[in-house]
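Step one of this worksheet: look at the structure below.
Every heavy atom of this structure was used, including side-chain atoms; hydrogens, water molecules and symmetry mates were not. Quick caveat, the model's predicted, so the values are computed rather than measured.
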Amino acid sequence: MQRTHRSCRFAPLLLASMLMAPALAPAGLRAQTQGGTPVVIPPGSRPLQMKVRRLPDSVELVIEGVGTAPQLQQNVTASGWQGRLTTSVPSVLRRGPQRLSLPEAGLQSIDIDGAGTAYRLAVTPVTGFQVNRPLVSADGVNLIITFPAPVQPSLQTLRPNLREPGRVAQPSYAPPLQARAVAPPVGDMAVGTMMIANPSYVNVSGPPVTMTLKNAPAKDVLMALSRVGGYGFVYVDESAPASQATTPAALARPISISFRNENYGRAINSALMAAGIQGKRDGNTIFAGPKVLGKSFGAQLSKVYRLNQVSSNSAADYLANLGATVTKTNVITTAVTQGVAQTQAVQGGPNSATTVGGTQTSVEAYGASSGPLVGLQATSDSRLSTITLVGNPSLVTVAEQYLKQLDLRQRQVALSVKILDVTLNNDKRIDNSFAFRYGNNFIVNNSGQLLGAFGSALPPTEDAFGRVVGADPQPTIEYGPDGITVTGPLGANIVGGSAFGTTNPGPVAAGFIDGTKRNPGLNYAPDNFYNFVRAQIESRSTKILASPTLILSENPEELRTGEDRSAVNIQALGSSGTGSAGGDLATIGRTRANESYVTVGEQVITNYEVTTGTQGNGNTCQPEFGISGLTFGARVSKIDDNGFVTFSMSPAISATVRQTDVPGCGPIDILAVRRLDTGSARVRDGQTLILTGVISDADNQIVRKWPILGDMPIVGQFFRDSSSNRAKRELVILVTPRIIDDGEGGTFGYGYRPSTEDARRFMGAGGN
């Protein structure tokens, strides 16, 4: 196919192929291809050359010199686009096989090779980009292959019109859509099923009912229906005492019914439902009333259940939600204080306060008005963890089935934790000190510090300018075990044997000359060199390994007794917490039943609480302690029926790095802490969760050197002092949860069977 291209000039070409092509070869020219096959170019043909032009929304691949009637076979695959070009006359590639690249347009490489009349084209996209089928056209001389490309951003020089919406050009392509979201697999769950009868349905039989009533009293309608079926009728009123002139709502509610050959049982139950009252049959009598299900002529069943796992109060609340009536005793204690305390009394007023206490006891009954347990009475005892049920035997049986499904053992999990802390220290120090004297000149290298004295005396200090010559007494010389000290107008500047200010014993002549500090180099022999070299490399490797096993349940109840260990952990971490024990909410402490806490280390003083004294008393320093070592907390949130354990952890490693003094109190330790507070992690039973990457890497280098000379290669090491300290620490934590099977034959102490007959008889297991 052919079409007229809109432009035959390729001004914005992007590659080096923009250069002018050499002159066409004369007719009959033989050209060697890469395959080594000679090709004869007929007269009027021209060599092929590939060029690429970037357009705003596409890329044009131009094959120059294809002539008329070219044929192109193309194929689009996941790896890119491939094409096979066939020309009408033989030709060659002007520059041989070519490879171009345009990554900003999504094209990693564009290749062309071949000779004669057959050529191969290949376009490879960049990672994440997909090449679509191109638009192919020809103008009789060139072949134009247009590939879609991301919109090329242009430089905006005009002010945008904010009143007209428009599309913002993006420099990169949009990534392909991900696979459709799939919900996680649904696991198994425990299901308890019971078939229970409807307690509100009155099982009666009688003739079909045809009746139409409008706004009739409910009691009269039920009485009429009972007579139709041959039943007696009793209405049990639950009205208030006579002193409270109230009328039950059911009696004041009129009902409207219209039955035509309706089943007798459905008719009378429909009337009860419309009136909003309860009904029951006892023998040949129908009883109706607001709470008639709790009334009975027959014997009632009473059972006391001692619960093992669930609390009695929780079980009672559960039954109350199903319609049972639960009674509880509430005790309210009050304390009233009369009068004014002595510290708050005004002058001349009473200064005594009296507190009067009282206790009020009341019995409260609560429960839902509807449910399968309407008519059942229950009460609980938290001391013995028992619940007592009283009612119809069928209701007690249904409630018992509910209690059996509630009183389940909570699962336990054994968290096997392995904590590995590796510390690598490498310290290196190279120190060189020397001194030499040449005449009265004395040069000293004091660990990279240049000290020089020229002449027999040292220059005067600032103190020497405040002394009046001749007005001061002569210096006094004292000989002591630490050297010779001169007291007088020069003070501490005249110390026997002092070398640049450091005191050393020696003769008086070595310290001063006529009250002036002399050159300390005069104490050494002239024209001599003294050198002192000190080099040390120290490597330390420390490994802390802890492997505790924590057995936890999923019971989230708060511990009302016991010590909260979170405060100790916070002090070890050097942070201030909030709460009753000073604990941080982000750190797991021992406050709930589903938590566990491990502390390994030693207590160190991390701070002092200073209390200012009064009436001349001094300040009081109260030390605060922290843990230098390992602290680890774990909390189990859920152990589901599919073998997954949901838990969170808070491991921390702390170590003393240095000490500092608190004025008036004493030294305290500064702790370096590495802590990891995880979120909620869900791991399958037996799988291992690896937490790593908590790395601390410190590298300190200190260099003291002479100016210029300390920077010289090889020789410079004699004029400098260098030290390097490198410490690397890494914390690795491995956690493996294992759900405990507390049935027969389980591990962790369950299902134990003594090995000998005597031991089995002693433990009551029998002789078999």
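Between S382 and N313, the shortest heavy-atom distance links the atoms CB-ND2, 4.1 Å. Minimum heavy-atom separation, V735 to M649: CG2-SD, 3.1 Å.
Salt-bridge annotation for R726 and D427: absent, with no side-chain N of the basic residue lying under 4.0 Å from a carboxylate O of the acidic one. Between E595 and R635 there is a salt bridge, since a side-chain N of the basic residue sits under 4.0 Å from a carboxylate O of the acidic one. Ionic pairing of R658 and D669 is not present here: no N-O contact between side-chain nitrogen and carboxylate oxygen is shorter than 4.0 angstrom.
I627 CD1 to T599 OG1: the interatomic distance, rounded to the nearest 0.5 Å, is 6.0 Å. Note that the CZ atom of F632 and the CD1 atom of I419 stand 5.0 Å from one another [nearest 0.5 Å]. For the atom pair CG of L307 and OG1 of T386, the computed distance is 7.5 Å after rounding to the nearest 0.5 Å. To the nearest 0.5 angstrom, T631 atom OG1 is 7.0 Å from I653 atom CD1. Considering CD of E609 and CG of N607, their distance stands at 8.5 Å, rounded to 0.5 Å. Atom OG1 of residue T656 and atom CD1 of residue I605 lie 11.0 Å apart, to the nearest 0.5 angstrom.
Checking side-chain atoms of S724 against main-chain N and O of R429 turns up no donor-acceptor pair under 3.5 Å. D431 places no side-chain N or O within donor-acceptor distance of the main-chain N or O of D721, the cut-off being under 3.5 Å. The main-chain N or O of S385 is never found under 3.5 Å from a side-chain atom of D381 such that the two would form a donor-acceptor pair. D711 places no side-chain N or O within donor-acceptor distance of the main-chain N or O of L709, the cut-off being under 3.5 Å.
Taking the side-chain hydrogen bond (donor to acceptor under 3.5 Å, both in side chains) definition, one finds that S723 meets it with nothing, sequence neighbours left out. Scored by the side-chain contact (heavy atoms from CB on, under 4.5 Å) test, R720 finds V703, K705, Q717 as partners (sequence neighbours excluded).
Applying the ring pair (Phe, Tyr, Trp, His ring centres under 6.0 Å) test to residues at least two apart or on different chains, the pairs with a partner in residues 410-435 are F434-F529, F434-W706, F434-F719.
Looking only at atom types and distance, the side chain of T688 has a donor-acceptor partner in the side chain of T736 under 3.5 Å away. No donor-acceptor contact under 3.5 angstrom links the side chains of S433 and N446, judged on distance only. Between the side chains of E364 and N330, a donor-acceptor pair is found at a separation under 3.5 Å.
Within the 6.0 Å centre-distance limit, the rings of F442 and Y524 are counted as a close aromatic pair.
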